[in-house]
A.B. asks: 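I have a structure here, written as structure tokens, and I will follow up with some questions on it.
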Amino acid sequence: MDTCGSLRRSDVGRQVTISGWVNRRRDHGGLLFIDLRDHYGITQCVVEPDEKAFAAADQARSEWVLSLTGKVVARTAETVNSDLPTGEIEIRIEEVAVQSRAQELPLPVFGDMTYPEDTRLKYRFLDLRRERLHRNITLRSKVISSIRRRMIDGGFTEFQTPILTASSPEGARDFLVPSRLHPGKFYALPQAPQQFKQLIMVAGFDRYFQIAPCFRDEDARADRSPGEFYQLDLEMSFVTQDDVFAAVEPVLHGTFSEFADGRDCGPAQFPRIAYDESMLKYGNDKPDLRNPIVIADVSGVFAREDVAFKAFKGKTVRAIPAPGSASQPRSFFDRIDGWAKSEMGAAGLGYIVLEGEGGKGPIAKFLPPAALQALMEKCGLKAGDSVFFSADAKPERAALLAGHARTRIGRDLNLIDDKLFRFCWIVDFPMYEWNEDEKRIDFSHNPFSMPQYPREKFLALDRSDRDTILGLKAYQYDIVCNGIELSSGAIRNHDPDVMLKAFEIAGYAREETETKFAGMLNAFRYGAPPHGGTAPGIDRIVMLIAGEENLREVTMFPMNQQAQDLMMNAPSEVSPRQLKELHIRTVMPEKG
RNA sequence: GGGGGCGUAGCUCAGUUGGUUAGAGUGACGGCCUGUCACGCCGUAGGUCGCGGGUUCGAGCCCCGUCGCUCCCGCCA
């Protein structure tokens, strides 16, 4: 079939019919051009006033749907459009069939202007016609198909798991679905097929994957859709952490390389960075390795006796080098400092500018030459650089602010090369963390991870061994690419005793764990293989490959940040009868 | 739940120190134009300056509140 993208010089002379939307209409009085657009491309069609099709063609407006019939003719050399694949030909319109008209558009399809998000979401079907979104969504399909092929080639088998399942006590807030048959009871939409995939391993299928929908009732971010998203969920039996890495690396690296379009994807094996090291050097657990800035701990420098800067004494001080920034205007430094105050809620970001042999800036005078020298060595600084400081009594807060500052400075100084993909594994996550608000020990990530600790010693742990417990690492790992967490995974805990103990340490009574995870615990008592896996986020992968900074640009029908679908009007009220059937009564919040 | 930014024509935006009748581009509509491909030229219509209150002789502009969108923090095993 002929399309708006298929006709070439070799088709000249043929009588064709093509259908599509009016992309653009150019009326020259004596000559009318209509650019007709479909999924495959754009073809210029032309008609003159003395021809019988002119009147009908003249009626057509932007985004009307037409079927145009006519002869394919070659354009003259001067009128060839080399920007279009179909630019060597045009169609002489002989017949016009109007399939559908269009009102004045709230969102023009033609052109590449930016439009407000709510308009784009409400008229998503129009936005999807536009080149950028149309291309992104098509790319998404190709990426998913490539991933699926690579997984199957790698010996994995795809299975579906339930969408209506049970609420789980750990993790994000669940989406609940009331049960009609069981008054007062609820299903939950799966936050991930976590327990199911482990049960699949117990069932003896040893290499599972699924492009799995996941549902979490949490607030949105640019890289986090509200409500629902997709993961490449995978799990393997009889494997070590290294085996999982070796299975996943070629899939991700291969997929990114396939669609890289000239961008550099880095080594096929991803570097491994321990969680603690990442927190120190990059100030977070999802470092953007395109950014060359490396944070250093300089608490020791400010603790020296010859350094009299009181504001930093006794605090954790992290230094964020800003290479080559000494020549930046004062406003650069003020802007960073102002940003730290207003957006990060910090006291500010001190800095020293290294010009010639000395240092300049508000706190330079507190550092005698020897201390400055020590600082420069510690951070790898040279003349022409400057350095910012993040200080806080709590090391975690100092690290976090430093991490944000590292990102901000790297961006402001244009140090981040957007033609790169830089992957890494973050490994050795802590098993537990201290919850200061509620004064108790929490799981720090996935409660199903295997602790990196001998079994007997782990079983003998007491909740009072707080330092030992908080020092425990887990076989828990993330994949990070360009500062985006792509994937979280673990070697799982398949030992019921260790699992009960692990939950007990986090404050769950044995009976409670037995009830909440009955299915899985029970299964582990009938022969469970050691297993592990991970689950890269599909939406984020596509976002990175598409070069977009927001998931909505790679999602066909996304919700807004308030988790509303502006096109379909979801969520919406339901009839009293529906509520009655579900044994549900709504109680509106009181307006505070 | 908290913080930052934004809100002016269908759409994208400008609007000076608070000053008279709020502008441009684009789109729509009409006219002219035979080679454009962001066609060009002329004209017409199109406004609750998000909403409410306040200050002022006078508010798009200043103040307070509120709503919406967005980015971030909290949250996201």
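Every chain is numbered from 1, with letters handed out A, B, ... down the list of sequences.
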A.B. asks: Which residues satisfy the side-chain contact (heavy atoms from CB on, under 4.5 Å) test with A:Asp2, sequence neighbours excluded?
C.D. replies: A:Ser6, A:Leu7, A:Arg14, A:Val16, A:Ile18
A.B. asks: Along nucleotides 30-36 of chain B, 5' to 3', which nucleotides get a B, which get an S, and which get a -, given that the test is a protein heavy-atom distance under 4.0 Å?
C.D. replies: S--BBBB
A.B. asks: Side chain to side chain donor-acceptor pair (under 3.5 Å) with A:Thr165: which residues, sequence neighbours excluded?
C.D. replies: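 So A:Thr165 forms no side chain to side chain donor-acceptor pair (under 3.5 Å) with any residue.
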A.B. asks: Whether A:Arg24 contacts B:G27 is assessed here as follows: a side-chain N or O lying under 4.0 Å from the phosphate OP1 or OP2. Is that the case?
C.D. replies: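 Yes, A:Arg24 has a side-chain N/O under 4.0 Å of OP1/OP2 on B:G27.
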A.B. asks: What residues in residues 551-561 of chain A put a non-hydrogen atom under 4.0 Å from any atom of RNA chain B?
C.D. replies: A:Arg552, A:Asn560, A:Gln561
A.B. asks: Taking the six-membered ring for Trp and the full ring for Phe, Tyr or His, determine whether the centres of A:Phe245 and A:Tyr477 are under 6.0 Å apart.
C.D. replies: yes
A.B. asks: What does the list of N/O pairs under 3.5 Å between the protein and nucleotides 8-14 of chain B look like, with a distance for each?
C.D. replies:
{"residue": "B:U12", "atom": "OP1", "partner": "A:Pro116", "partner atom": "N", "Å": "3.2"}

A.B. asks: What stems, by residue range, does RNA chain B take part in, given at least 3 consecutive Watson-Crick or G-U pairs under 3.5 Å?
C.D. replies: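 So the stems come out as B:1-7 with B:67-73, B:10-13 with B:23-26, B:28-32 with B:40-44, B:50-54 with B:62-66.
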A.B. asks: For residues 478-498 of chain A, which residue pairs qualify under salt bridge (charged side-chain N to carboxylate O under 4.0 Å, His left out), counting only residues two or more places apart or in two chains?
C.D. replies: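 Sorted result for residues 478-498 of chain A: A:Glu235-A:Arg492, A:Arg455-A:Asp495, A:Arg455-A:Asp497.
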A.B. asks: Can you sort out the partners of A:Asn136 under side chain to side chain donor-acceptor pair (under 3.5 Å), two or more places apart, ordered by chain and number?
C.D. replies: A:Glu548
A.B. asks: If you look only at pairs with a residue in residues 31-42 of chain A, which of them pass as a salt bridge (charged side-chain N to carboxylate O under 4.0 Å, His left out), with sequence neighbours excluded?
C.D. replies: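 Salt bridge (charged side-chain N to carboxylate O under 4.0 Å, His left out) check on residues 31-42 of chain A returns A:Arg26-A:Asp35, A:Arg37-A:Glu63.
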A.B. asks: Taking side chain to side chain donor-acceptor pair (under 3.5 Å) as the test, write out the residues that go with A:Glu94, two or more places apart.
C.D. replies: A:Gln15
A.B. asks: Is the A:Phe215 to A:Phe175 ring centre distance short of 6.0 Å?
C.D. replies: no
A.B. asks: If we take the C1' atom in both B:C13 and B:G60, what is their distance in whole Å?
C.D. replies: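 Per the computed distance, 14 Å lies between those C1' atoms.
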A.B. asks: List for me each residue that meets side-chain contact (heavy atoms from CB on, under 4.5 Å) alongside A:Arg510, sequence neighbours excluded, and say none if there are none.
C.D. replies: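 In terms of side-chain contact (heavy atoms from CB on, under 4.5 Å), with neighbours along the sequence ignored, A:Arg510 is linked to A:Leu500, A:Glu504.
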A.B. asks: Which pairs of donor and acceptor atoms, one on a side chain in residues 83-93 of chain A, lie under 3.5 Å apart (sequence neighbours left out)?
C.D. replies:
{"residue": "A:Thr86", "atom": "OG1", "partner": "A:Ile42", "partner atom": "O", "Å": "2.5"}
{"residue": "A:Glu88", "atom": "OE1", "partner": "A:Arg9", "partner atom": "NE", "Å": "3.0"}
{"residue": "A:Glu88", "atom": "OE1", "partner": "A:Arg9", "partner atom": "NH2", "Å": "3.4"}
{"residue": "A:Glu90", "atom": "OE1", "partner": "A:Gln44", "partner atom": "NE2", "Å": "2.9"}
{"residue": "A:Arg92", "atom": "NH1", "partner": "A:Glu48", "partner atom": "OE2", "Å": "3.0"}

